[in-house]
Visitor: 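So that we are looking at the same thing, I have put the structure below in structure tokens.
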Amino acid sequence: SPDVPPNVELLGYRSPREIAALLAAADVLLAPYQRKTMQKTGKVDQAGYMSPLKIFEYMGAGKPIICSALPVLQEILEDGRTALM
């Protein structure tokens, strides 16, 4: 496990009912999606058609978003306006 800077807190799994309060308490929200996302079989790359539901929750929280510059995210967010990609 890489060293975590002191200003970063990794919380692990949280129940869905806790998410809104956690997002509201955050200074910035991260979505570091990978360019290639494989199914468990390792045969199908799903990155091109995934549904990034987390992004919609982040937008609803009204916090700054830093995310990967993937085409599927660029359909929703605009670099420099609605997110830093």
Visitor: Give a yes or no on whether the backbone of A31 and the side-chain of K54 come within a donor-acceptor separation of less than 3.5 Å.
Guide: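 Checking the backbone N and O of A31 against the side chain of K54, no donor-acceptor pair under 3.5 Å is found.
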Visitor: Given a cutoff of under 4.5 Å between side-chain heavy atoms of I, L, V, M, F, W and Y, with clusters grown through shared members, what are the other residues clustered with I66?
Guide: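 Other cluster members: V28, L30, L84.
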Visitor: Please report the shortest heavy-atom distance between I55 and L77, naming the atom on each side.
Guide: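 What the structure gives for the nearest pair is CG2-CD1, 3.8 Å.
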Visitor: So, taking the atom named CE in M59 and the one named CG in L23, what distance separates them when rounded to the nearest 0.5 Å?
Guide: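 With rounding to 0.5 Å, CE (M59) is 13.5 Å from CG (L23).
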Visitor: Search all heavy atoms of P32 against all heavy atoms of S68 and return the closest pair with its distance.
Guide: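 For P32 and S68, the tightest heavy-atom pair comes out as C-OG, 3.3 Å.
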Visitor: So, K63 side chain and Y58 main chain: donor-acceptor pair closer than 3.5 Å or not?
Guide: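 Not confirmed, K63 side chain does not pair with Y58 backbone.
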Visitor: Going by side-chain hydrogen bond (donor to acceptor under 3.5 Å, both in side chains), name the pairs with one or both residues in residues 11-24, residues two or more places apart or in two chains.
Guide: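 Found S15-E18.
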Visitor: Rounded at 0.5 Å granularity, tell me how far CG in L73 sits from CE in M85.
Guide: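 It is 5.0 Å, given to the nearest 0.5 Å.
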